[in-house]
S.K.: 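First the structure, which I've put down as structure tokens, then a few questions once you've had a look.
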Amino acid sequence: MSLPRALFVCVGNAGRSQMAQAFYERRGGEARSAGSRPEFELHEPVVEAMRELGISLDGRSPKPISKEDVEWADVVVTMGCGDACPVLPGKRYVDWNLQDPIDLSVERVRPIRNEIARLVEEL
């Protein structure tokens, strides 16, 4: 069975949604990620925490939410982006209540990373 196309959305697209996209792609799914207020670059502790698991986020950069991404996706997973995410009929929406890893050390990012990995497995 193929996995649904997933769009992961958070505020900065520099942490949570990037980790979720990477975990989902590792499972063999098609994924995109975006942010309601994209940062300039990925948070380094997030990059480091993923590298510990052998997952590279090299070459990824934060992107804004686009209507095209929402149209493309079968499921839209939001993580704290509030009303900024476009809602289209016929799409499945899931909200994950996760702490934003901005300004956190890699030690404090790890539990967030692990929770995202668990949620992606359940998606």
Side-chain angles (χ1 to χ4, degrees):
M1 182 180 99
S2 65
L3 295 168
R5 291 186 305 231
L7 173 64
F8 298 97
V9 183
C10 66
V11 177
N13 189 222
R16 296 168 290 185
S17 57
Q18 292 281 353
M19 289 189 282
Q21 178 184 355
F23 282 126
Y24 199 75
E25 289 171 344
R26 188 169 76 168
R27 284 188 64 201
E30 282 184 80
R32 297 179 184 176
S33 64
S36 57
R37 291 190 312 275
E39 300 281 338
F40 180 70
E41 60 188 5
L42 272 59
H43 302 307
E44 189 53 41
V46 167
V47 173
E48 186 179 332
M50 294 299 281
R51 192 179 300 124
E52 291 174 351
L53 299 181
I55 299 173
S56 172
L57 297 181
D58 293 347
R60 295 184 189 235
S61 59
K63 296 171 285 309
I65 301 169
S66 74
K67 186 177 180 203
E68 292 75 24
D69 285 339
V70 176
E71 289 170 344
W72 169 86
D74 298 313
V75 60
V76 179
V77 178
T78 59
M79 298 170 245
C81 65
D83 296 333
C85 188
V87 175
L88 297 176
K91 300 293 175 182
R92 179 177 161 219
Y93 288 85
V94 178
D95 186 62
W96 293 347
N97 185 16
L98 296 162
Q99 181 180 3
D100 190 337
I102 191 168
D103 297 327
L104 296 182
S105 66
V106 71
E107 292 78 21
R108 296 193 51 214
V109 168
R110 285 183 191 119
I112 300 167
R113 173 201 66 194
N114 296 342
E115 179 66 2
I116 290 171
R118 185 188 69 76
L119 290 166
V120 164
E121 285 299 316
E122 293 177 357
L123 190 58

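None of the values given here were measured: they were computed from a predicted structure.
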S.K.: Does a side-chain heavy-atom distance below 4.5 Å link Tyr24 with Ser33?
M.R.: no
S.K.: Using only heavy-atom distances, determine whether the side chains of Glu39 and Asn13 contain a donor-acceptor pair under 3.5 Å.
M.R.: no
S.K.: Please check if Leu98 and Ile102 belong to a single hydrophobic cluster, counting links between Ile, Leu, Val, Met, Phe, Trp and Tyr side chain heavy atoms closer than 4.5 Å.
M.R.: no
S.K.: Checking Met19 against Ile112 for the side-chain contact (heavy atoms from CB on, under 4.5 Å) test, could you report, in this order, the C-alpha distance in whole Å, the side-chain angles of both residues, the deciding distance, and whether it holds?
M.R.: CA-CA 10 Å; Met19 289 189 282; Ile112 300 167; 4.2 Å; yes
S.K.: Determine, using the 4.5 Å side-chain heavy-atom cutoff (strictly less than), whether Trp72 and Tyr93 are members of one ILVMFWY cluster.
M.R.: no
S.K.: Report the C-alpha distance between Phe8 and Val75 in whole Å, list the side-chain angles of each, state the deciding distance to 0.1 Å, and finish with yes or no for side-chain contact (heavy atoms from CB on, under 4.5 Å).
M.R.: CA-CA 9 Å; Phe8 298 97; Val75 60; over 6 Å; no
S.K.: Pro101 and Gly15: which non-hydrogen atoms are nearest, and at how many Å?
M.R.: CG-CA, 4.1 Å
S.K.: Would a 4.5 Å heavy-atom cut-off, applied to side chains only, mark Thr78 and Trp96 as touching?
M.R.: no
S.K.: So among Val70, Ile65, Asp95, which one has a side-chain contact (heavy atoms from CB on, under 4.5 Å) with Val76?
M.R.: Val70
S.K.: Nearest heavy-atom pair of Gly80 and Val11: which atoms, and what distance?
M.R.: O-CG2, 3.2 Å
S.K.: Does any part of the side chain of Arg16, heavy atoms only, come nearer than 4.5 Å to the side chain of Asp100, both counted from C-beta?
M.R.: yes
S.K.: What I'd like to find out is whether the side chain of Val47 reaches to under 4.5 Å of the side chain of His43, using heavy atoms alone.
M.R.: no
S.K.: Given side chains that start at C-beta, do those of Pro45 and Leu104 come closer than 4.5 Å, heavy atoms only?
M.R.: no
S.K.: Can we say Arg27 and Glu122 salt-bridge, meaning some charged N sits less than 4.0 Å from an Asp/Glu carboxylate O?
M.R.: no
S.K.: For Met79 and Val9, what are the C-alpha separation, side-chain angles and deciding distance, and is it a side-chain contact (heavy atoms from CB on, under 4.5 Å)?
M.R.: CA-CA 6 Å; Met79 298 170 245; Val9 183; over 6 Å; no
S.K.: In this structure, which one of Lys63, Arg5, Arg32 forms a salt bridge (charged side-chain N to carboxylate O under 4.0 Å, His left out) with Asp69?
M.R.: Arg32
S.K.: Which heavy atom of Ala22 sits nearest a heavy atom of Ile55, and at what distance?
M.R.: CB-CG2, 3.7 Å
S.K.: Consider only side-chain heavy atoms of I, L, V, M, F, W and Y, link residues closer than 4.5 Å, and tell whether Leu53 and Val106 are in one cluster.
M.R.: no
S.K.: Can you see which heavy atom on Pro38 is nearest to which on Pro62, and at what distance?
M.R.: CB-CB, 4.0 Å
S.K.: Do Lys91 and Glu71 meet the salt-bridge criterion of a basic N to acidic O distance under 4.0 Å?
M.R.: no
S.K.: Applying side-chain contact (heavy atoms from CB on, under 4.5 Å) between Phe23 and each of Glu121, Arg113, Gln18, report the one that passes.
M.R.: Arg113
S.K.: Any salt bridge linking Arg92 with Asp74? Criterion: basic side-chain nitrogen under 4.0 Å from a carboxylate oxygen.
M.R.: no
